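This is a predicted model, so every value here is computed, not measured. Chain letters run A, B, ... following the sequence lines, proteins first and then strands; every chain starts at 1.
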Amino acid sequence: MIRGNGGVSRALFGDRFTSAASAVVVSATAFVLLVPAALVVVLSFSNDRFFDFPPHSWGLGQYRRLLEDPRWGSALWLSVKIAVPVALLAALVVVPTLFTIHRSRLPLRHALQAGGIAGIILPISAYAVAMYGLYAQVGLLGTYWGLVLANLTLAVPVMLLVTSAAMSRIPPELELAAMVAGASRAQAWFAITLRLLAPAILAGGVLAFVTSLDEAVLVNFLGGPGLETLPKAILDSVRYGLEPVITAIATLLMVGTSLAMALAARLARRGSP
Amino acid sequence: MLDIQGLSKSYGETPALQDVSLQVRQGELLTLLGPSGSGKTTLLKVIAGFEAPTSGRVLLRGLDISRLSPARRGVGMVFQHYALFPHMTVAQNIGYGLKLRRVGGSERERRVGEMLELLHLDGLEGRYPRQLSGGQQQRVALGRALAYDPEVILMDEPLGALDRALRLEMEEQIRGIHRELGATIVYVTHDQQEALALSDRIAIMRAGGVASVGEPAQLYRRPADSFVAGFFANANLLAVSEHELLGGGRARVLCGEGEVRCATSAAAGDPVVLAVRRRSLRPGTQPAVFVSAAIGDIIAATE
């Protein structure tokens with residue numbers, strides 16, 4: 001199609017306008033999202049005993065206080081002690097689920113896909129109330145394994161979402177090709193499909209770990225004395241008196257999870273065939 | 001060699017194969033040719049063991065393999081989209097079947113080397129599939145299917161994803177391998193040019209059944225019915241107003257205003273059409289006559 005000069009320059013102007021507008025929107029969004037995080041990082045390097053902005057003195061005081069108070073260390077340790085089995089158990093649940101959804105002809109496999117991610121679609125506080133009722137019945141309230149199980153219900157959907165995308169990119173013909181060349185069905189699953197899925201499972205495991213590590217709602221309903229995870233400790237510290245030390249914890253958490261997420265993204269990218 | 005007896009397959013209520021019987025001879029390349037949905041890929045899947053037949057049997061060298069797992073049938077298969085293992089090198093892909101058969105390291109290496117040479121893949125053995133062109137990937141898939149010396153090789157539209165120039169080159173290569181190794185090949189395609197170029201015999205599939213089997217030239221010159229004539233022989237099918245069987249496989253036909261004498265495969269009482277191939281028309285001497293000197297067939301209409 002031939003256009004006059006006016007048309008071309010109008011089109012160019014339109015182009016420039018859209019790209020400028022989108023640049024504004026993107027930077028505004030990034031700004032709004034990152035400002036609180038940046039403030040916390042800045043505040044964590046203040047030496048003041050109380051929150052104040054801008055800080056009066058600078059230093060590593062908050063980080064020193066964090067190390068001196070054993071409460072934070074044990075809370076972090078408990079969170080890790082919950083998140084590791086959650087990530088492992090999530091993989092044990094998710095892998096057979098993936099094969100059922102993507103490789104079987106079971107009539108309810110699509111319902112399984114929808115149901116599998118229900119845990120993160122339902123409002124978390126409603127979910128917590130329901131689990132509280134259930135746990136009270138079966139005596140899981142305030143127990144370690146109760147918390148593991150509760151976090152698992154959130155970690156499984158997260159992992160399922162990540163790995164399901166990867167699984168749908170692995171053509172079923174690869175298994176058929178392996179089988180016709182002499183592999184049993186189990187060999188085809190393990191040596192071909194599961195092997196190709198491994199990076200996505202690792203990435204999903206990292207996400208499951210972070211999801212569990214960061215879980216702050218369920219623990220308030222289902223935890224109890226002696227079960228203070230890191231997010232619960234942070235919430236309690238904010239509720240009973242504003243200690244600036246939590247800015248140091250928040251900073252470390254952000255750095256830790258960012259590294260974990262970067263690792264997960266890297267694994268997922270390397271694994272895509 | 002491969003004997004398919006009364007094979008039927010249905011998915012729920014829909015029949016995909018209806019009472020298919022077919023013999024594949026030792027060392028021949030038999031093509032299953034048909035439009036999509038004619039059941040040719042389903043037939044291939046049943047032979048490979050990916051689908052169980054609803055009824056009927058598949059015999060390989062007289063042995064019933066219908067209930068064996070794909071792994072134990074000793075067939076090789078080339079898939080339309082290659083289906084190479086992306087995490088394995090070219091050599092590992094080709095050697096996969098040998099490894100599963102516990103063929104030792106040096107023997108395996110020798111055999112893989114042979115395949116690389118046969119398929120002109122020398123020097124590429126360390127590459128991964130994503131680093132290869134489409135044609136190279138297809139050759140690796142061929143090598144993977146040939147390496148463990150299967151009794152029958154199944155090919156499911158292996159050239160479907162390649163562009164035209166490459167397709168001609170690969171046709172040449174498949175023909176060469178077929179001649180050189182004397183392999184028995186069942187080849188699925190919907191492309192009749194490809195079928196003509198490659199096949200010893202062609203089975204034309206239609207609506208889950210075999211419409212006609214024969215050598216390409218025979219199917220082309222003497223199609224058994226109007227479906228084969230229209231689909232395979234590219235014939236124009238003309239309505240016949242009157243016809244008379246003259247005996248000896250000849251007939252006299254009135255078509256429009258013209259009268260034609262031609263060969264026929266129809267029996268008395270069959271509904272017929274006149275099949276006329278464009279290349280068998282010659283300019284006539286009588287101006288008013290519709291088809292003056294056509295060399296055609298009248299054949300049994302299938303509908």
| request: Heavy-atom pairs under 4.5 Å with chain B are the metric here; pick the option from A:Pro171, A:Ala191, A:Ala178, A:Ser184 that has the most. | output: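 If we count pairs closer than 4.5 Å to chain B, A:Ala178 comes out on top.
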Where do [X] and [Y] come nearest, in terms of heavy atoms and distance?
X	Y	result
B:Tyr148	A:Ala181	OH-CA, 3.5 Å
A:Ala183	B:Ala71	O-CB, 3.4 Å
B:Phe85	A:Leu174	CE2-O, 3.3 Å

Mark yes when over 12 heavy atoms from residues, nucleotides or ligands other than [X] sit less than 6.0 Å from its [atom1]; otherwise mark no.
X	atom1	result
A:Phe31	CZ	no
A:Arg109	CZ	yes
B:Glu109	CD	no

| Sidechain-backbone polar pair: B:Arg144 side chain, A:Ala177 backbone, donor-acceptor under 3.5 Å |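 Side chain of B:Arg144 to backbone of A:Ala177, a donor-acceptor pair under 3.5 Å: no, none is there.
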| query | Distance from A:Glu173 atom CD to B:Met77 atom CE, nearest 0.5 Å? | reply |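 With rounding to 0.5 Å, CD (A:Glu173) is 8.5 Å from CE (B:Met77).
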| How many angstroms lie between CE in A:Met179 and CZ in B:Arg72, if you round to the nearest 0.5 Å? |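 These two atoms lie 13.0 Å from each other.
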| task | Against chain A, label B:Arg101 side chain, backbone, both or neither, depending on which of its atoms sit under 4.5 Å from a heavy atom there. | result |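 Looking at B:Arg101, just its side chain touches chain A.
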| request: With a 4.5 angstrom heavy-atom cut-off, could you sort out which part of B:Leu84 is near chain A: side chain, backbone, both or neither? | output: backbone
| message | Is there a side-chain contact between B:His87 and A:Ile192 in this structure, where contact means two heavy atoms from C-beta onward sitting under 4.5 Å apart? | response | yes
| said: Could you check whether any side-chain heavy atom of B:Pro86 comes within less than 4.5 Å of a side-chain heavy atom of A:Leu196, counting everything from C-beta outward? | reply: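 Yes. Closest side-chain heavy atoms under 4.5 Å.
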| task | May I have the step-by-step check of salt bridge (charged side-chain N to carboxylate O under 4.0 Å, His left out) for A:Arg105 and B:Glu51, ending in yes or no? | result | CA-CA 13 Å; A:Arg105 291 180 188 164; B:Glu51 304 274 359; 3.5 Å; yes
| How would you list all residue pairs meeting ring-ring contact (aromatic ring centres under 6.0 Å, His included) that involve residues 27-81 of chain B, not counting sequence neighbours? |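 Counting only pairs at least two positions apart or across chains, no ring-ring contact (aromatic ring centres under 6.0 Å, His included) contact touches residues 27-81 of chain B.
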